[in-house]
Asker: 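Let me give you the structure first, and then I'll get to my questions.
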Amino acid sequence: MRKILLLITFCFISFPAILLAQTETKQCTLFDEIELLKHVKSLSSQAFEGRRTGTKGAVKARKYIINQFHALQVKPLGKSFEEPFFFVKKKNYEGVNVLGLVEGTKFPKKYIVISAHYDHEGIKNGKIYHGADDNASGLSALFAFAEYFKKNPPQHSVILAAFDSEELGLQGSKYFVKNTKIPYEDLLINLNMDMISRSDKNELYVAGTSENKKLKYLMSNFNYSCNIKLLTGHDGYDGLDNWTYASDHANFHKQGIPFLYFGVEDHKDYHEPSDTFENIHPEFYLEAVKTIIEVFKKVDQSNL
């Protein structure tokens, strides 16, 4: 009898620990963390020459994205992954968006757009502007999402959008929004990631909730991370820099499509050659990507 009681006591003591271990294991297997960091390191290396629109580095980045989408079983949104566009800004530019599709299990005709721009500043005065945080970090997170979806298919269809020419006036997302064949009412929300890999304060901001009650509820009533601070703000109402039009989500907002923009505050290496892989904060970055995936899960389960 004593042995039985001891066994029961041990089970009760051990059970919470087992649950915690299972939870931690599940959290850690959302995606391959080592591969995620490798993507940031590769895309911000000298080989990609700063990924400026229209350069060899941009072409190389585009091929890299398409190869990853193929490897992760992401389908093209249209007949091809590539969406070319043209614009003039002091000179003629040819940009190319890369658009992937993961079909939803319950609502295949309703879409969530998860985006990140892949272009950066290129080479100036002989110096490479590597763009590790801006925005190899957001772009690489798209691959983490694609990997996550292989084992966890979304309820709504997801467009994984790697936009070009963000640094030249949000041109890629502008073209996508204006030329999409998907009705605006079926584009439920844009989750945009731009600079998510470093923070001295351990803070990741999310903008886009101030004028949307459903999004405000989602961001205010759930704890998405115990390891970093996920803060709402930068919406133009809190005395901080207004990020409403700061990145590609702006073009969705102009069409009345809700958005959540994830980013960190500017740092000393912003738009400098020193924005390199060595200067990102890996632990923060990995947790940021996990946190954004957790937010996506709530968005995907909600009735927007």
Asker: In terms of hydrophobic clusters joined by side-chain contacts under 4.5 Å, are Tyr175 and Phe259 together?
Answerer: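 Not linked; separate clusters.
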
Asker: Between the side chains of Lys150 and Glu147, is the shortest nitrogen-to-carboxylate-oxygen separation below 4.0 Å, so that they form an ion pair?
Answerer: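 Here Glu147 does not pair with Lys150 in a salt bridge, since their nearest N and O are not under 4.0 Å apart.
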
Asker: Mind listing the closest non-hydrogen atom pair of Ser302 and Leu218 along with its distance?
Answerer: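 Nearest pair, atom of Ser302 first, then Leu218: OG-CD1, 3.9 Å.
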
Asker: For a side-chain hydrogen bond (donor to acceptor under 3.5 Å, both in side chains) check, start with the C-alpha distance between Glu287 and Ser225, then their side-chain angles and the critical distance, and finish with the verdict.
Answerer: CA-CA 8 Å; Glu287 186 63 23; Ser225 175; 2.8 Å; yes

Asker: Do Val74 and Leu99 share a hydrophobic cluster, counting only Ile, Leu, Val, Met, Phe, Trp and Tyr and linking them when any side-chain heavy atoms are less than 4.5 Å apart?
Answerer: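 No.
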
Asker: Is the side chain of His156 donor-acceptor paired with the backbone N or O of Asp300 at a distance under 3.5 Å, no angle test?
Answerer: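 Yes; at least one donor-acceptor contact below 3.5 Å.
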
Asker: Could you tell me the separation between the OH atom of Tyr237 and the CG atom of Asn242, rounded to the nearest 0.5 Å?
Answerer: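 So the gap between those two atoms works out to 8.5 Å.
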
Asker: Roughly how far apart are Thr276 OG1 and Gln46 CD, rounded to 0.5 Å?
Answerer: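 The OG1 atom of Thr276 sits 10.5 Å away from the CD atom of Gln46.
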
Asker: Less than 3.5 Å apart, any donor N or O on the side chain of Asp275 or Tyr270 sitting next to an acceptor on the other?
Answerer: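 No - no donor-acceptor pair under 3.5 Å links their side chains.
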
Asker: To check you understand the geometry: which heavy-atom pair defines the closest contact between Thr244 and Asp235, and what is its length?
Answerer: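 Thr244 and Asp235 have their closest heavy atoms at OG1-O, 3.6 Å.
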
Asker: Which atom pair, heavy atoms only, marks the closest approach of Ser137 to Val40?
Answerer: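 Nearest heavy atoms, Ser137 then Val40: CA-CG2, 4.2 Å.
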
Asker: I want to check something: taking the side chain as every heavy atom from C-beta on, are Phe296 and Ile292 in contact at a cut-off of under 4.5 Å?
Answerer: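 No - every pair of side-chain heavy atoms lies 4.5 Å or more apart.
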
Asker: May I ask you to decide if Lys216's main-chain N or O and Thr209's side chain share a donor-acceptor pair within less than 3.5 Å?
Answerer: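 Side chain of Thr209 to backbone of Lys216, a donor-acceptor pair under 3.5 Å: no, none is there.
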
Asker: Show your working on side chain to side chain contact (heavy atoms under 4.5 Å, CB included) between Leu142 and Ile114 and close with a plain yes or no.
Answerer: CA-CA 7 Å; Leu142 288 183; Ile114 304 177; 3.8 Å; yes

Asker: Quick one: CD on Glu82 to CD1 on Ile65, what's the gap to the nearest 0.5 Å?
Answerer: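 That separation rounds to 10.0 Å.
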
Asker: May I ask you to decide if Gly172's main-chain N or O and Asn97's side chain share a donor-acceptor pair within less than 3.5 Å?
Answerer: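 Yes, Asn97 side chain to Gly172 backbone: donor-acceptor pair under 3.5 Å.
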
Asker: Any Lys/Arg nitrogen of Lys56 or Glu49 sitting under 4.0 Å from an Asp/Glu carboxylate oxygen of the other?
Answerer: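 Salt bridge flag = no for Glu49 with Lys56.
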
Asker: Just wondering, more than 12 heavy atoms not from Gln301 lying within 6.0 Å of its CD?
Answerer: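 For Gln301, atom CD is crowded (more than 12 foreign heavy atoms under 6.0 Å).
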
Asker: Of Phe87, Phe86, Phe85, which is the lone residue that meets ring-ring contact (aromatic ring centres under 6.0 Å, His included) with Tyr93?
Answerer: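 The single option meeting the ring-ring contact (aromatic ring centres under 6.0 Å, His included) with Tyr93 is Phe87.
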
Asker: What do you reckon, is NZ of Lys109 surrounded by more than 12 foreign heavy atoms closer than 6.0 Å?
Answerer: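 No - once you tally the heavy atoms of other residues, nucleotides and ligands closer than 6.0 Å, there are 12 at most.
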
Asker: With rounding to the nearest 0.5 angstrom, report the CD to CG distance, Glu294 to Leu230.
Answerer: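 It is 11.5 Å, given to the nearest 0.5 Å.
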
Asker: With Phe284 as reference, evaluate Ile196, Val264, Val289 under the side-chain contact (heavy atoms from CB on, under 4.5 Å) test and give the passing residue.
Answerer: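 Single side-chain contact (heavy atoms from CB on, under 4.5 Å) partner of Phe284 among Ile196, Val264, Val289: Val264.
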
Asker: Let me see the working for Lys75 and Glu103 under salt bridge (charged side-chain N to carboxylate O under 4.0 Å, His left out), right down to the final yes or no.
Answerer: CA-CA 9 Å; Lys75 299 177 181 178; Glu103 293 183 359; 3.6 Å; yes

Asker: Hydrogens and angles aside, do Asn192 and Ser247 bring a side-chain donor and acceptor to less than 3.5 Å of each other?
Answerer: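 Asn192 vs Ser247: donor-acceptor pair found between side chains.
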
Asker: Between Tyr245 and His253, does the ring centroid distance fall short of 6.0 Å?
Answerer: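 Yes, the ring of Tyr245 comes within the 6.0 Å limit of the ring of His253, centre to centre.
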
Asker: Looking at His130, is its backbone amide N or carbonyl O close enough to the side chain of Arg51 to form a donor-acceptor pair, meaning the two atoms are under 3.5 Å apart?
Answerer: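 The answer is yes, because a donor-acceptor pair under 3.5 Å joins these two groups.
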
Asker: Checking Asp133 side chain against Ser197 main chain: does a donor-acceptor pair fall under 3.5 Å?
Answerer: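 Confirmed, Asp133 side chain pairs with Ser197 backbone.
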
Asker: Just by distance, do the side chain of Asp238 and the backbone of Leu240 share a donor-acceptor pair under 3.5 Å?
Answerer: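 Indeed, once roles are kept as given, a pair shorter than 3.5 Å links the two residues.
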
Asker: Please give me the minimum heavy-atom distance between Tyr285 and Ala141, naming the atom from each residue.
Answerer: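 Taking every non-hydrogen atom into account, OH-N, 3.7 Å.
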
Asker: Hey, could you give me the CZ/CD1 distance between Phe48 and Ile128, rounded to the nearest 0.5 Å?
Answerer: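 Output value for this atom pair is 11.5 Å.
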
Asker: Less than 3.5 Å apart, any donor N or O on the side chain of Asp200 or His267 sitting next to an acceptor on the other?
Answerer: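 Their side chains do not contain a donor-acceptor pair, so the 3.5 Å distance test is not met.
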
Asker: Going through the distances and angles, do Thr55 and Lys60 end up as a side chain to side chain contact (heavy atoms under 4.5 Å, CB included)?
Answerer: CA-CA 9 Å; Thr55 66; Lys60 190 169 185 176; over 6 Å; no

Asker: Please check if the side chain of Asp164 supplies one atom and the backbone of Gly95 the other of a donor-acceptor pair under 3.5 Å.
Answerer: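 Between the backbone of Gly95 and the side chain of Asp164 there is no qualifying donor-acceptor contact (under 3.5 Å).
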
Asker: May I ask you to decide if Val113's main-chain N or O and Asn190's side chain share a donor-acceptor pair within less than 3.5 Å?
Answerer: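 Between the backbone of Val113 and the side chain of Asn190 there is a qualifying donor-acceptor contact (under 3.5 Å).
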
Asker: Quick check for you: to the nearest 0.5 Å, what is the distance between Met193 atom CE and His249 atom NE2?
Answerer: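 Here the interatomic distance stands at 13.0 Å.
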
Asker: Measure the acute angle between the ring planes of His39 and Tyr64, then classify it against the limits of 30° and 60° as parallel, tilted or perpendicular.
Answerer: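 Because their plane-to-plane angle is over 60°, the rings of His39 and Tyr64 count as perpendicular.
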
Asker: Which pair of non-hydrogen atoms, one from Glu94 and one from Thr53, has the smallest distance, and what is that distance?
Answerer: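 So the two residues come closest at O-CG2, 3.7 Å.
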
Asker: Aromatic rings Trp243 and His234: how do their planes relate, parallel, tilted or perpendicular, breaks at 30° and 60°?
Answerer: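 Aromatic pair Trp243/His234 classed parallel.
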
Asker: May I ask you to check whether over 12 heavy atoms, not counting those of Lys110, lie within 6.0 Å of atom NZ?
Answerer: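 More than 12 within 6.0 Å, yes.
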
Asker: Take Asn212 and Leu304 through the side chain to side chain contact (heavy atoms under 4.5 Å, CB included) test and state the conclusion after the steps.
Answerer: CA-CA 10 Å; Asn212 188 300; Leu304 293 177; 5.5 Å; no

Asker: So which atom in Asp32 and which in Ile34 form the shortest heavy-atom distance, rounded to 0.1 Å?
Answerer: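 Distance-wise, the nearest heavy atoms are OD1-N, 3.1 Å.
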
Asker: So, for Tyr148 and Phe31, is the gap between ring centers shorter than 6.0 Å?
Answerer: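 That pair fails the under 6.0 Å test.
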
Asker: Within a reach of under 6.0 Å around OH of Tyr217, are more than 12 heavy atoms found that belong to other residues, nucleotides or ligands?
Answerer: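 No, the 6.0 Å shell around OH holds no more than 12 heavy atoms from other groups.
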
Asker: Verify, without hydrogens or angle tests, whether Asp119 (side chain) and Glu166 (backbone) share a donor-acceptor contact under 3.5 angstrom.
Answerer: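 Checked: pair present.
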
Asker: Any donor-acceptor pair under 3.5 Å linking the side chain of Tyr118 with the backbone of Leu139?
Answerer: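 Flag not set: sc Tyr118 to bb Leu139 has no pair under 3.5 Å.
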
